[in-house]
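Please read the structure below before turning to the comments.
As the structure lists them, so they are numbered: ligands from 1, and atoms in each ligand from 1.
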Amino acid sequence: MNIVLLGAPGTGKGTQAQFISERLGLPIISPGDILRQEMKNNTTLGKKAEKYVKSGALVPDEIIIDMIKERVVDRTGSKGIILDGFPRNLSQAGALEQMLGSMDKVIDRAIYFYAPEQKIIERLSGRRVCRNCGETYHVVYNYPKSEGVCDKCSGELYQRDDDKPEIIRQRLETYNSDTAPIIDYYSKKDYYLQISADDDIDSIKVKITEALGD
Ligand code: AP5
């Protein structure tokens with residue numbers, strides 16, 4: 001099953017991608033995670049992407065589309081993929097259809113998560129991420145057993161640079177101008193469904209399980 005997760009920053013795409021991945025045994029392809037890893041490793045790609053990620057803008061399509069295509073092709077043998085954060089504009093949506101089509105594959109589900117902006121800001125401001133394994137926490141809603149320490153690998157938790165208030169504002173602007181139009185595009189497809197993310201994490205897992213129907 002090929003699943004696309006859509007929604008504004010902080011609606012919980014990454015959190016639920018992890019749940020779906022464990023449930024269905026599908027690999028996650030997340031451009032945000034890949035870019036942060038490239039930036040951490042100071043690669044050519046990471047250096048090119050850094051100024052966009054740090055300012056809350058989209059990284060140019062010519063960088064992102066090739067980066068995703070490589071991962072999608074690499075996972076041709078798996079029984080599907082979860083795309084968390086791709087596509088984010090109409091040109092990426094077209095590129096995704098092309099890349100899947102060239103492998104005789106299609107999108108099976110596009111799930112749009114929506115939540116009020118105030119909730120989103122609260123979630124992003126309180127998010128903490130493991131420096132080592134990338135596991136995500138929240139200081140109020142999803143906290144680790146020991147403060148500042150990852151439950152899974154004991155790595156150090158940190159706050160993403162783009163989770164600072166002024167960058168959150170910019171990311172939401174970028175979402176509204178560039179990404180929101182693709183929701184309209186996907187809402188006309190028969191594989192589209194939407195889920196309110198204005199609920200606790202476990203309740204959303206239940207809704208996803210019902211929506212995926214297995
Ligand atoms: P990316 O890392 O993808 O960021 P994003 O889309 O802004 O999404 P987030 O990771 O912020 O939020 P999420 O929806 O995954 O929420 P999460 O589950 O973590 O992208 C970063 C940057 O990379 C972009 O700004 C751009 O520069 C670049 N980029 C990425 N993709 C690109 C593309 N396709 N094209 C061009 N550029 C691209 O949850 C958030 C917090 O809330 C966590 O603390 C979590 O624990 C908590 N939480 C989750 N669910 C709930 C709940 N139901 N109740 C309470 N708390 C919750």
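Of the N or O atoms in G14, one or more lie within a sub-3.5 Å distance of an N or O in ligand 1. On a distance-only criterion, D84 and ligand 1 share no N/O pair closer than 3.5 Å. Between R36 and ligand 1, at least one pair of N/O atoms sits closer than 3.5 Å. Taking any N or O of K13, backbone or side chain, at least one lies under 3.5 Å from an N or O belonging to ligand 1. Residue-to-ligand polar distances keep T136 apart from ligand 1: every N/O pair is separated by 3.5 Å or more. Here's the thing with D162: none of its N/O atoms is less than 3.5 angstrom from an N/O atom of ligand 1. The shortest N or O to N or O distance between G126 and ligand 1 is not under 3.5 Å.
Protein heavy atom nearest atom 37 (N) of ligand 1, with residue, atom name and distance: V59 N, 3.0 Å. Looking only at protein heavy atoms, the nearest one to atom 28 (C) of ligand 1 is L35 CD1, 3.6 Å. Distance from atom 51 (C) of ligand 1 to its nearest protein heavy atom, with residue and atom name: I201 CG1, 3.4 Å. In terms of protein heavy-atom proximity, atom 41 (C) of ligand 1 is closest to R123 O, 3.6 Å. Protein heavy atom at the shortest distance from atom 46 (O) of ligand 1 is N142 ND2, 3.3 Å. Of the protein's heavy atoms, R88 NE, 3.0 Å lies nearest to atom 31 (N) of ligand 1. The protein heavy-atom contact nearest to atom 16 (O) of ligand 1 is G12 N, 3.3 Å. Atom 11 (O) of ligand 1 has as its closest protein heavy atom R171 NH2, 2.5 Å.
Checking side-chain atoms of D151 against main-chain N and O of P144 turns up no donor-acceptor pair under 3.5 Å. A distance-only check finds no donor-acceptor pair linking the side chain of T174 to the backbone of L58 [under 3.5 Å].
Contact annotation: for R160 versus ligand 1, heavy atoms closer than 4.0 Å belong to the side chain alone. Heavy atoms of D200 found under 4.0 angstrom from ligand 1 belong exclusively to the backbone. Contacts of Y137 with ligand 1, taken as heavy-atom pairs under 4.0 Å, involve the backbone alone. Proximity of V53 to ligand 1, defined as any heavy-atom pair under 4.0 Å, is shared by backbone and side chain alike. The residue T174 has no part lying near ligand 1, judged by heavy-atom distances below 4.0 Å.
Comment: R171 engages D163 in a salt bridge, judged by a side-chain N to carboxylate O separation of less than 4.0 angstrom. By the 4.0 Å N-to-carboxylate-O rule, R71 lies too far from D74 to be salt-bridged with it.
The I204 neighbourhood of ligand 1 comprises atoms 53 (N), with distances under 4.0 Å to a heavy atom of that residue. Atom numbering of ligand 1 starts at 1 in the shown order; those under 4.0 Å from a heavy atom of Q92 are 33 (C), 34 (N), 35 (N), 36 (C). Near L124, meaning under 4.0 Å from one of its heavy atoms, ligand 1 places the atoms 11 (O). Atoms of ligand 1 lying under 4.0 Å from at least one heavy atom of Y141, given by number and element, are 55 (C), 56 (N). Near D199, meaning under 4.0 Å from one of its heavy atoms, ligand 1 places the atoms 52 (C), 53 (N), 54 (N). Each of the following atoms of ligand 1 lies closer than 4.0 Å to a heavy atom of F86: 34 (N).
Among the candidates R109, K79, K105, the single residue satisfying the side-chain contact (heavy atoms from CB on, under 4.5 Å) test with N2 is K105. Just one of D61, T179, D178 meets the side-chain hydrogen bond (donor to acceptor under 3.5 Å, both in side chains) condition when paired with N89; it is D61.
Distances from ligand 1 to the non-hydrogen atoms of Q16 include no value under 4.0 Å. Heavy-atom separations between A57 and ligand 1 include at least one value shorter than 4.0 Å. Proximity of K119 to ligand 1 is not established, as no heavy-atom distance is less than 4.0 Å. By the 4.0 Å heavy-atom criterion, G10 is counted among the residues contacting ligand 1.
Across P27 and G80, no two heavy atoms sit closer than the pair CD-O, 3.2 Å.
Looking only at atom types and distance, the side chain of Y192 has a donor-acceptor partner in the side chain of Q194 under 3.5 Å away.
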Just do the side chain to side chain contact (heavy atoms under 4.5 Å, CB included) check on I64 and L35 with the steps written out, would you?
CA-CA 9 Å; I64 289 290; L35 291 168; 3.9 Å; yes
Can I111 and L212 be said to form a side chain to side chain contact (heavy atoms under 4.5 Å, CB included), step by step?
CA-CA 10 Å; I111 308 177; L212 291 177; 4.2 Å; yes
CA sep, side-chain torsions, deciding dist, call: I34, E38, side chain to side chain contact (heavy atoms under 4.5 Å, CB included):
CA-CA 6 Å; I34 299 166; E38 297 280 344; 4.2 Å; yes
Worked check of side chain to side chain contact (heavy atoms under 4.5 Å, CB included) between I201 and Q16:
CA-CA 8 Å; I201 294 175; Q16 300 300 340; 3.8 Å; yes
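In this structure, NZ in K188 is found 11.5 Å from CD1 in I183, a value given to the nearest 0.5 Å.
Under the side chain to side chain donor-acceptor pair (under 3.5 Å) criterion, K205 pairs with no residue at all, not counting sequence neighbours. Looking at residues two or more places apart in sequence or on another chain, you find no salt bridge (charged side-chain N to carboxylate O under 4.0 Å, His left out) involving K48.
I3 has its side chain within reach of L24: a pair of non-hydrogen atoms, C-beta onward, lies under 4.5 Å apart.
Around atom CD of Q98, no more than 12 heavy atoms belonging to other residues, nucleotides or ligands sit under 6.0 Å away.
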